[in-house]
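Have a look at the structure below, then the notes.
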Amino acid sequence: ENKMLVVISIVSFNTKKLLENCLQSIFDQKFKEKIEVWVVDNASKDGSVDMIKKNFPHVKLIKSEKNLGFGAGHNLVFKKAKADFFLVLNSDTVLEDGAIDKMLIFMKDNPSCGIAGCKMKGFDGNLQPNGGDLPFGMALLVWLFNLETFGIKKPTFHRSETEYYNNTHEVGWVSGSFMFIGKEVLNKIGFFNEKYFMYFEDVEFCQRAKEEGFSVMINPHVETAHLSGGSLDKPQLRQWTGEYKGLIQFYRDKFGILAALLVKFLVIISTVLRIFALFCLGQKERAKTYAQVIATL
């Protein structure tokens, strides 16, 4: 019988030890279908490339001379590899045994599903939000102005309630740290948008897929361990900056410059309010990080 081919695409930047654990978790498994593992090394200086060549000779390695970022890195794999499904996976994850087989069953059971995420936990066992509602209307305001503190939990951009990840349902977007994609999606909507260096390209990609009639879903039967910000020196600063810049870019592409300016204004106001609140709560370091975020917009 014809076996499905699943390509696992990993983009890595100076995450040698984490990447080694991730690859080990993949190659320790037996797969029912055919698996190819591709790694794009974004000009790492930590010996990642030698480690891959030595320990994982089966990996298809693409060496980039410069750090292309997340989306552009994965796009190199999309362009070169042929597969029935692609799994976009972070180098700071550990792939659960049987995850691929479970994902394939899930895609077969949900034929309208073009992109699926999973349940994500930190290495400490705590739930990590890795999906949510698209950042329009109320979902945008709840997220920016942290209205969860006032009891408004949803809709919001980052959904953090446990039950959200415990059942099968359609969502606005899933994170690129674990994203299972059918080849029809890539054929129809193209690849990641390279205007986004890191953060928000996954949201924009899911939004385009939905516009073309694919559904984006959470598969609660697969659980992946993920160390957030594994390749960043100041993870919170990078994440918040990346998300806000991505959000503004997203609005600019979708609705034009005026919408982008309005969103930028909302981001600045909400960030100033956060700085003020954090300062009052004595969380000076977090307040300082948010102040740095404003400086980069």
Side-chain angles (χ1 to χ4, degrees), residues 1-108 115-118 120 123 175-187 191-192 202 219 221-227 230-231:
E1 77 179 295
N2 279 346
K3 287 199 165 187
M4 289 266 189
L5 173 58
V6 179
V7 162
I8 301 176
S9 174
I10 300 169
V11 170
S12 174
F13 173 64
N14 290 336
T15 57
K16 180 180 162 188
K17 193 69 208 140
L18 292 164
L19 176 63
E20 188 170 9
N21 292 340
C22 177
L23 291 171
Q24 201 58 58
S25 74
I26 297 168
F27 286 108
D28 281 347
Q29 299 187 32
K30 294 268 182 288
F31 295 100
K32 289 198 181 102
E33 309 297 335
K34 286 198 338 223
I35 304 288
E36 271 178 20
V37 181
W38 290 64
V39 174
V40 176
D41 184 80
N42 260 336
S44 297
K45 307 238 182 316
D46 64 352
S48 293
V49 167
D50 295 334
M51 179 276 292
I52 296 167
K53 286 180 174 166
K54 183 169 156 261
N55 300 351
F56 304 99
H58 300 313
V59 164
K60 294 181 185 293
L61 178 63
I62 300 175
K63 282 188 294 187
S64 172
E65 295 306 309
K66 61 179 193 153
N67 187 353
L68 299 169
F70 179 90
H74 286 293
N75 286 353
L76 292 177
V77 178
F78 295 155
K79 283 172 194 152
K80 291 190 169 185
K82 295 275 176 275
D84 298 294
F85 290 96
F86 288 85
L87 171 58
V88 166
L89 191 66
N90 266 19
S91 63
D92 55 2
T93 56
V94 169
L95 192 67
E96 173 199 41
D97 217 10
I100 301 264
D101 297 334
K102 288 181 193 169
M103 274 331 257
L104 289 168
I105 292 166
F106 181 82
M107 296 307 254
K108 210 159 110 187
I115 303 171
C118 67
M120 187 91 38
F123 286 129
S175 145
S177 46
F178 181 110
M179 190 187 257
F180 205 75
I181 308 167
K183 66 174 179 196
E184 300 79 22
V185 176
L186 297 171
N187 293 343
F191 305 153
F192 284 121
D202 43 11
N219 178 357
H221 311 298
V222 173
E223 196 175 284
T224 303
H226 175 232
L227 175 81
S231 65

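- Between atom CD1 of residue Ile62 and atom NZ of residue Lys60 there is a gap of 10.0 Å, rounded to the nearest 0.5 Å.
- Here CG of Leu186 is found 5.0 Å from CZ of Phe78. Values are rounded to the nearest 0.5 Å.
- Under a 3.5 Å cut-off, the side chain of Asp41 and the backbone N or O of Lys63 do not form any donor-acceptor pair.
- Under the side-chain contact (heavy atoms from CB on, under 4.5 Å) test applied with Ile8, the options Val39, Leu23, Val88, Ile26 reduce to a single match, Ile26.
- Applying the side chain to side chain donor-acceptor pair (under 3.5 Å) test to pairs two or more places apart or on separate chains, none has a residue in residues 78-88.
- Taking Phe70 as the reference, His74, Phe192 meet the ring-ring contact (aromatic ring centres under 6.0 Å, His included) condition, with sequence neighbours excluded.
- Residues that satisfy the salt bridge (Lys or Arg N to Asp or Glu O under 4.0 Å) test with Lys16, not counting sequence neighbours, are absent from this structure.
- The heavy-atom pair separating Ile52 from Leu61 by the smallest distance is CD1-CD1, 3.7 Å.
- Of all the heavy atoms in Gly176 and Asp202, the pair that sits closest is N-OD2, 2.9 Å.
- Test Phe106, Phe86, Phe85 against Phe180 for ring pair (Phe, Tyr, Trp, His ring centres under 6.0 Å) and you get one pass: Phe85.
- Residue Ser12 holds its OG atom at 7.0 Å from CE of Met51, rounded to the nearest 0.5 Å.
- The structure places OG of Ser9 at 8.5 Å from CD1 of Ile181, a figure rounded to the nearest 0.5 Å.
- Expressed to the nearest 0.5 Å, how far NZ of Lys102 lies from CD of Glu223 amounts to 8.5 Å.
- Qualifying side chain to side chain donor-acceptor pair (under 3.5 Å) partners for Asp101, counting only residues two or more places apart in sequence or in other chains: none.
- The two residues Met179 and Ser175 make their nearest non-hydrogen contact at CB-O, 3.8 Å.
- Between Met120 and His226, the shortest heavy-atom distance links the atoms SD-CB, 3.1 Å.
- With hydrogens and angles ignored, the 3.5 Å screen pairs a side-chain donor or acceptor of Thr93 with a backbone N or O of Asn90.
- Applying the side chain to side chain donor-acceptor pair (under 3.5 Å) test to every pair with at least one member in residues 22-37, sequence neighbours left out, gives these pairs: Gln24-Asp28, Glu36-Trp38.
- Counting all heavy atoms, side chain and backbone alike, Ala43 lies closest to Phe13 at O-CE1, 4.2 Å.
- To the nearest 0.5 Å, atoms CE (Met4) and CE (Met107) are separated by 10.0 Å.
- Side-chain atoms of Asn14 come within 3.5 Å of backbone atoms of Lys45 as a donor-acceptor pair (strictly under, hydrogens ignored).
- Leu95 places a side-chain heavy atom less than 4.5 Å from the side chain of Ile100.
- In this structure a side-chain-to-backbone donor-acceptor pair under 3.5 Å is missing from Asn21 to Asp92.
- Scanning all heavy atoms of the two residues, the minimum distance from Asn42 to Gly69 falls at ND2-O, 3.1 Å.
- Checked against salt bridge (Lys or Arg N to Asp or Glu O under 4.0 Å), Lys17 has the following partners two or more places apart in sequence or in another chain: Glu20.
- Screening Leu87, Val222, Val6 against Met103 for a side-chain contact (heavy atoms from CB on, under 4.5 Å) leaves a single residue, Val222.
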